[in-house]
Amino acid sequence: MLTKGKQRFKLKMPGAFVILFILTIVAVVATWVVPSGSYAKLAYNQANSSLQVKQPNGQVEKVPATQKELDKLGVKINIQKFTSGSINQEISIPNTYERLKQHPAGVDQITSSMVNGTIEAVDIMVFIFVLGGLIGVVRASGAFESGLLALTKKTKGHEFLLIFLVATLMVLGGTLCGIEEEAVAFYPILVPVFIAMGYDSIVCVGAIFLASSIGTAFSTINPFSVVIASNAAGISFTEGLPWRAFGCVVAALFVIGYLYWYSKKVKQNPAASYSYEDRNEFNQKWSVINNDEQQAAFTLRKKIGLALFVAGFPLMVWGVMTQGWWFPKMAASFLAFAILIMILTATGRNGIGEKGVVDAFVNGASSLVGVSLIIGLARGINLILNQGMISDTILDFSSSLVAHMSGPVFIIVMLFIYFVLGFIVPSSSGLAVLSMPILAPLADTVQIPRFVVVTAYQFGQYAMLFLAPTGLVMATLQMLDMKYSHWFKFVWPVVVFLLVFGGGILVAQVLMY
């Protein structure tokens with residue numbers, strides 16, 4: 001008689017929604033455990049050209065917008081940074097931290113924060129819905145299938161060249177203008193291409209999200225990271241620029257080399273893919289070629305539709321980099337292209353009609369509802385921490401931790417402080433204005449340049465944002481139906497590289513100044 005062997009217990013990583021729900025509960029508990037407190041906050045009021053100081057107890061006073069007043073407050077920032085709009089958010093005032101009455105979150109805030117976080121994220125959610133609708137229409141037109149067949153024939157034997165080009169452009173986008181959330185727009189156009197070339201979901205995320213984030217970690221002139229952090233630290237963003245540029249080149253080579261190693265391994269043996277168990281579901285969702293449509297003609301109408309679809313992406317990058325576009329403007333531009341493609345697809349001899357294109361748009365938008373909700377839930381966690389007033393307490397503890405240390409030890413500890421803070425405050429600009437006025441002046445006490453602290457902020461925060469569920473990573477994984485455990489297996493060597501290589505650069509900066 002055959003006996004059935006014991007089934008081994010296997011720990012399964014929960015999905016994105018469950019992870020964020022658990023973290024929401026943890027955030028609520030933290031507001032009961034971590035003492036509440038706040039620094040005084042400083043902002044420039046353009047309406048009456050004055051500085052506004054908000055005390056920890058909520059009292060607000062106006063003071064003249066002069067350098068003398070900033071010096072009195074101990075804020076070592078040029079007044080022009082405020083009056084010109086370079087700093088347009090509240091910043092923390094050094095040496096003003098006060099413990100406050102505890103602000104514990106109630107059980108009801110577990111769900112209310114999810115709702116309020118979703119409301120806060122409505123701009124990016126609308127952008128994602130429009131993007132999904134645009135994708136649905138292009139797929140319904142058949143232009144994707146025909147275009148991909150033509151592309152795969154021309155790139156036969158040189159598939160990695162596309163990954164190299166995409167990753168290089170994403171690194172440049174990250175280091176120059178901080179392309180992160182905007183990178184979501186590139187998955188629909190590139191993922192089907194990568195699938196057609198025999199790659200997996202890991203390669204897709206690596207070439208887009210990983211590459212753009214590495215570029216942002218080594219920001220050279222990114223206004224949302226290094227520029228605003230340097231302004232808040234009271235220095236010019238050009239300080240330390242050669243170091244960051246050198247680091248960006250090395251990091252880009254490392255990431256592209258890592259992608260080459262992994263993609264070659266997957267190409268030779270698909271079973272070596274870290275996400276192999278989910279390959280069928282992934283291909284079913286994102287592949288646009290099937291046996292019935294492989295002979296579809298690449299007609300002029302399809303070529304025009306695909307050209308319009310592709311044109312939206314460089315237009316978006318141009319708008320973000322030169323015109324200050326944000327998600328509402330990007331959504332409007334994509335919607336304009338969607339309408340044009342809908343007209344092309346609905347009309348003509350093989351047109352699918354008005355109902356067909358509208359249904360395609362709605363179905364495409366609905367397919368990204370999960371991604372949009374993930375972004376809202378992550379925002380909800382940040383709302384709980386902010387309303388519990390514990391972020392400044394953690395910042396005050398961090399500043400006391402590094403006092404009176406030697407330069408090299410100081411900067412390595414600072415790197416790991418920012419690694420932790422990156423989980424609590426995933427916004428690069430938000431963390432910059434919150435922490436730089438407090439932590440950057442500590443560099444003066446150990447006789448090192450303040451730009452080294454700015455560099456530590458970049459490396460530490462972005463090493464965490466590769467992992468933190470409170471950042472963009474969960475929305476990215478949800479979009480591609482990828483398990484967090486699969487992503488972690490791929491990305492942890494990059495996190496180690498960033499901390500080790502970044503730490504080496506920081507120590508070298510300290511020793512040379």
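What you find for V75 and P94 is that their closest heavy atoms are CG2-CD, 4.1 Å. When all heavy atoms are compared, the tightest approach of I384 to A105 is CG2-CB, 4.3 Å. Closest non-hydrogen pair, G117 versus R379, comes out as O-CB, 3.6 Å. The heavy-atom pair separating I381 from A27 by the smallest distance is CG2-CB, 4.1 Å. Looking at every heavy atom in both residues, I77 comes nearest to L70 through O-CD1, 3.1 Å. Of all non-hydrogen atoms in Q461 and L431, the two that sit nearest each other are NE2-CD2, 3.6 Å.
In this structure, CZ in F397 is found 8.5 Å from CD1 in I417, a value given to the nearest 0.5 Å. Summarising the geometry, atom CD1 belonging to I124 is positioned 11.0 Å from atom CZ belonging to F129; distances are rounded to the nearest 0.5 Å. Between M474 atom CE and F17 atom CZ the span is 9.5 Å, to the nearest 0.5 Å. Rounded to the nearest 0.5 angstrom, S212 OG and L172 CG are separated by 11.5 Å. A distance of 4.5 Å separates CD1 in I163 from OG in S263, rounded to the nearest 0.5 Å. Between the OH atom of Y484 and the CD1 atom of I19 there is a distance of 7.0 Å, given to the nearest 0.5 Å.
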* Residue pair F127, F327: steps toward the ring-ring contact (aromatic ring centres under 6.0 Å, His included) verdict -> CA-CA 6 Å; F127 169 73; F327 289 109; 5.4 Å; yes
* Step by step, work out the side chain to side chain contact (heavy atoms under 4.5 Å, CB included) result for T238 and I221. => CA-CA 8 Å; T238 57; I221 60 172; over 6 Å; no
* Would you please test F218 and Y462 for ring-ring contact (aromatic ring centres under 6.0 Å, His included) and show each step? => CA-CA 9 Å; F218 290 86; Y462 275 90; 9.8 Å; no
* Test E120 against L383 for side chain to side chain contact (heavy atoms under 4.5 Å, CB included), laying out the working first. => CA-CA 10 Å; E120 269 203 6; L383 283 178; 3.3 Å; yes
* To do: Go through the steps to decide whether K329 and D123 satisfy the test salt bridge (Lys or Arg N to Asp or Glu O under 4.0 Å), and finish with yes or no.
  => CA-CA 10 Å; K329 191 69 176 177; D123 55 350; over 6 Å; no
* Would you please test V115 and T111 for side chain to side chain contact (heavy atoms under 4.5 Å, CB included) and show each step? => CA-CA 7 Å; V115 173; T111 52; 5.8 Å; no
* Verify side chain to side chain contact (heavy atoms under 4.5 Å, CB included) between F410 and L442, making sure each step is shown before the conclusion. => CA-CA 9 Å; F410 167 89; L442 296 178; 3.9 Å; yes
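If you check the side chains of Q109 and Q387, you find a donor sitting under 3.5 Å from an acceptor. The closest side-chain donor-acceptor pair between S219 and T175, if any, does not fall under 3.5 angstrom. Looking only at atom types and distance, the side chain of Y97 has a donor-acceptor partner in the side chain of T393 under 3.5 Å away. At a cut-off of 3.5 Å, with distance as the only test, no side-chain donor of Q55 or E98 sits close to an acceptor on the other residue. Using modelled atom types and a 3.5 Å distance limit, the side chains of S435 and Y418 yield a donor-acceptor pair.
Within the 4.5 Å cutoff, no side-chain heavy atoms of I208 are placed close to those of T476. Between P35 and I390, every side-chain heavy-atom pair lies at or beyond the 4.5 Å cut-off. You'll find the side chain of I79 stays beyond 4.5 Å of the side chain of Y44, heavy atoms only. When side chains are defined from C-beta on, L395 counts as touching L439, because their heavy atoms get closer than 4.5 Å. The closest side-chain heavy-atom distance from L465 to P426 is below 4.5 Å. Within the 4.5 Å cutoff, no side-chain heavy atoms of L498 are placed close to those of V494. In this structure, F209 and Y187 have side chains that are in contact, with non-hydrogen atoms separated by less than 4.5 Å. The side-chain heavy atoms of L499 and F419, taken from C-beta on, include a pair separated by under 4.5 Å.
Side chain of R450 to main chain of A233: a donor-acceptor pair is present (N/O by atom type, distance under 3.5 Å, no hydrogens or angles). At least one donor-acceptor pair under 3.5 Å links the side chain of R244 to the backbone N or O of E239. Remark: side-chain polar atoms of Q52 are not paired, donor with acceptor, to backbone N or O of N45 under 3.5 angstrom. Between the side chain of W487 and the backbone N or O of F466, at least one donor-acceptor pair lies under 3.5 Å. At distances below 3.5 Å, not a single donor-acceptor pair connects side-chain atoms of S92 with backbone N or O atoms of Y39. Counting only distance, with no hydrogens or angles, the side chain of D200 and the backbone of V203 share a donor-acceptor pair below 3.5 Å. Judged purely by atom type and a 3.5 angstrom limit, Q102 uses its side chain to pair as donor or acceptor with the backbone of T31. Side chain of S38 to backbone of P56: no donor-acceptor contact under 3.5 angstrom is found. Judged by distance alone, with hydrogens and angles left aside, the side-chain atoms of E90 form no donor-acceptor pair with the main-chain N or O of V433 at under 3.5 Å. In this structure, the side chain of Q509 does not engage the main chain of T455 through any donor-acceptor pair within 3.5 Å.
By the 4.0 Å N-to-carboxylate-O rule, D396 lies too far from R99 to be salt-bridged with it.
When ring centroids are compared, Y258 and W261 come within the 6.0 Å threshold. In this structure, the ring of F497 has its center no less than 6.0 angstrom from the ring center of W492. Taking the six-membered ring where the residue is Trp, the centroids of Y262 and Y274 are separated by under 6.0 Å.
A 6.0 Å sphere centred on CD of E281 holds more than 12 heavy atoms belonging to other residues, nucleotides or ligands. Counting heavy-atom neighbours within 6.0 Å of F254 CZ, excluding the residue itself, gives a total above 12. The environment of N95 atom CG is sparse: at most 12 non-hydrogen atoms of other residues, nucleotides or ligands sit within 6.0 angstrom. Other residues, nucleotides and ligands contribute over 12 non-hydrogen atoms within 6.0 Å of the CD atom of Q67.
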